[in-house]
2 protein chains.
Amino acid sequence: MAEDWTDRHVARWKDHWLDLAFDEVVEGVFVRVNRIDRYLRSAKQRAVAEVGLTDFEYDTLHVLMIRDTPGSASPTELATELGVSGAGMTGRLDGLEKAGWIRRIPSVDDRRRVIVEVTRSGMGIWRRAMGIRGEAENDLAGALTERELATLNRLLKKVTVRSEEREA
Amino acid sequence: MAEDWTDRHVARWKDHWLDLAFDEVVEGVFVRVNRIDRYLRSAKQRAVAEVGLTDFEYDTLHVLMIRDTPGSASPTELATELGVSGAGMTGRLDGLEKAGWIRRIPSVDDRRRVIVEVTRSGMGIWRRAMGIRGEAENDLAGALTERELATLNRLLKKVTVRSEEREA
DNA sequence: GCCGAATACTTCGTCAGCGAAGTACCCTGC
DNA sequence: GCAGGGTACTTCGCTGACGAAGTATTCGGC
């Protein structure tokens with residue numbers, strides 16, 4: 001197979017930094033993981049721009065939708081899942097609310113709380129972005145056979161399982 | 001094997017969003033790629049904080065070092081490789097220069113140009129961060145046998161090759 | 001049943017980054 | 001040999017995010 005960016009990266013590294021010990025295969029795996037993630041991020045950004053959302057507006061709608069209670073959450077929950085500060089969340093929600101994609105509803109049983117709910121139009125625009133985004137993923141996946149995809153998935157899971165052990 | 005975050009994500013998705021067609025394995029692969037990348041990003045951030053660098057300071061030193069002419073580049077080259085604007089690069093270099101990790105040298109043969117050069121202390125701090133960062137990668141890689149790692153690398157390369165075709 | 005601690009969210013001041021405009025310089029064609 | 005266009009970097013005004021402080025509400029112990 002022709003060489004990719006990672007091959008060139010690894011080759012260059014070897015030439016210049018012989019003294020910093022590293023395993024070529026390990027380096028290759030994680031650089032490629034990073035390159036794929038980066039590619040999909042930019043594909044996502046294009047999808048999202050196409051329907052008229054910014055990156056962070058989409059992200060916020062996305063975590064709001066893909067949860068046990070789809071389309072409804074507290075600002076704090078969203079902030080945690082998005083890895084964003086409470087203050088940042090307030091700012092995001094202000095924008096989304098003004099655009100009409102979500103609404104804030106004061107909780108009746110605990111008046112400190114606010115419930116964030118997606119609107120019909122918010123759900124619509126998120127779904128359109130999702131569709132375009134899925135195309136890019138399926139296209140990439142097409143580089144592998146079904147058997148290869150299953151193997152890849154199995155091996156990646158071994159890695160994520162360990163990473164989640166480390167996080168715990 | 002026990003379930004990971006991605007398994008739960010896929011299961012939840014299936015329950016709530018049957019109508020948005022998607023392939024479980026494809027979704028699994030790319031969500032896991034994202035989870036691994038995210039884990040390594042946060043591991044990197046810890047490594048980098050430990051030696052006293054911010055994320056973007058490390059990134060800048062890093063692209064300055066891992067190139068054909070290690071430790072020397074123009075601001076524009078760095079900006080392109082980091083995906084940052086020219087203005088942003090100026091700001092980063094100001095900080096790095098003040099901290100004594102790089103210096104700006106005016107080019108003699110083209111006085112519009114500036115050459116960014118890493119200093120001895122800049123190289124030292126970058127290397128320390130690299131070492132800690134490498135430990136996290138090797139630890140994750142330990143979840144797989146050498147044979148599995150090689151297979152994973154081969155399959156990932158098939159995917160990156162396609163992504164690079166799409167980018168061209 | 002009331003006081004102090006905890007919780008949920010917002011406001012405020014600051015920072016890194018962006019795009020656009022500005023400055024300085026080089027190069028090409030006439 | 002100089003005018004016009006391009007290049008390399010910096011400055012400027014603005015935006016999204018952060019942490020810390022502020023406001024409002026609930027909870028827990030006595």
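What you see below is based on every heavy atom in this structure, not just the backbone, and it leaves out hydrogens, waters and symmetry mates. Convention: sequence-line order gives letters A, B, ...; per-chain numbering from 1.
Between A/G100 and A/S121, the shortest heavy-atom distance links the atoms O-OG, 3.2 Å. Taking each heavy atom of A/A47 and A/R133 in turn, the nearest pair found is CB-N, 3.9 Å. Nearest heavy-atom pair across A/A79 and A/S85 is CB-O, 4.1 Å. Across all non-hydrogen atoms, the minimal contact from A/T6 to A/R32 is OG1-CG, 3.3 Å.
Considering only side-chain N and O atoms, B/T76 lies under 4.0 angstrom from the phosphate OP1 or OP2 of D/dC9. Here B/R104 reaches the OP1 or OP2 of D/dT10: one of its side-chain N or O atoms lies under 4.0 Å away.
The stretch residues 87-95 of chain B touches DNA chain C through B/A87, B/G88, B/R92, each having a heavy atom within less than 4.0 Å of the strand.
Separating the CG atom of A/D59 from the C1' atom of D/dG16 is a distance of 13 Å, rounded to the nearest angstrom. Summarising the geometry, the separation between CD1 on A/I105 and P on C/dA8 is reported as 18 Å, rounded to the nearest angstrom. Between the C1' atom of D/dG16 and the CZ atom of B/F56 lies a distance of 16 Å, rounded to the nearest Å. Between the C1' atom of D/dT10 and the CZ atom of B/R113 lies a distance of 16 Å, rounded to the nearest Å. Distance CG (A/D55) to P (C/dC18): 13 Å, rounded to an integer number of Å. Atoms CD (A/E97) and C1' (C/dT10) sit 13 Å apart, rounded to a whole Å. Taking atom CG on A/L82 and atom P on D/dC18, their separation rounds to 10 Å, with Å as the unit.
Environment of CD in B/E146: sparse, with no more than 12 heavy atoms of neighbouring residues, nucleotides or ligands closer than 6.0 Å.
Note that CG of A/D4 is 13.5 Å distant from NZ of B/K158, once rounded to the nearest 0.5 Å. Between atom CG of residue B/D23 and atom CD of residue A/E137 there is a gap of 10.5 Å, rounded to the nearest 0.5 Å.
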Expected string for nucleotides 22-28 of chain D under the B/S/- scheme (protein heavy atoms, under 4.0 Å, primed atoms plus P, OP1, OP2 as sugar-phosphate) is --BBS--
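Residues B/N153 and B/L149 fail the side-chain proximity criterion, which asks for heavy atoms closer than 4.5 Å.
Using a 30° and 60° split on the angle between ring planes, B/H9 and B/W13 fall in the tilted class, from 30° to 60°.
When each of D/dC9, D/dG19, C/dC9 is scored by its nearest atom to the side-chain atoms of B/S74, the top-ranked nucleotide is D/dC9.
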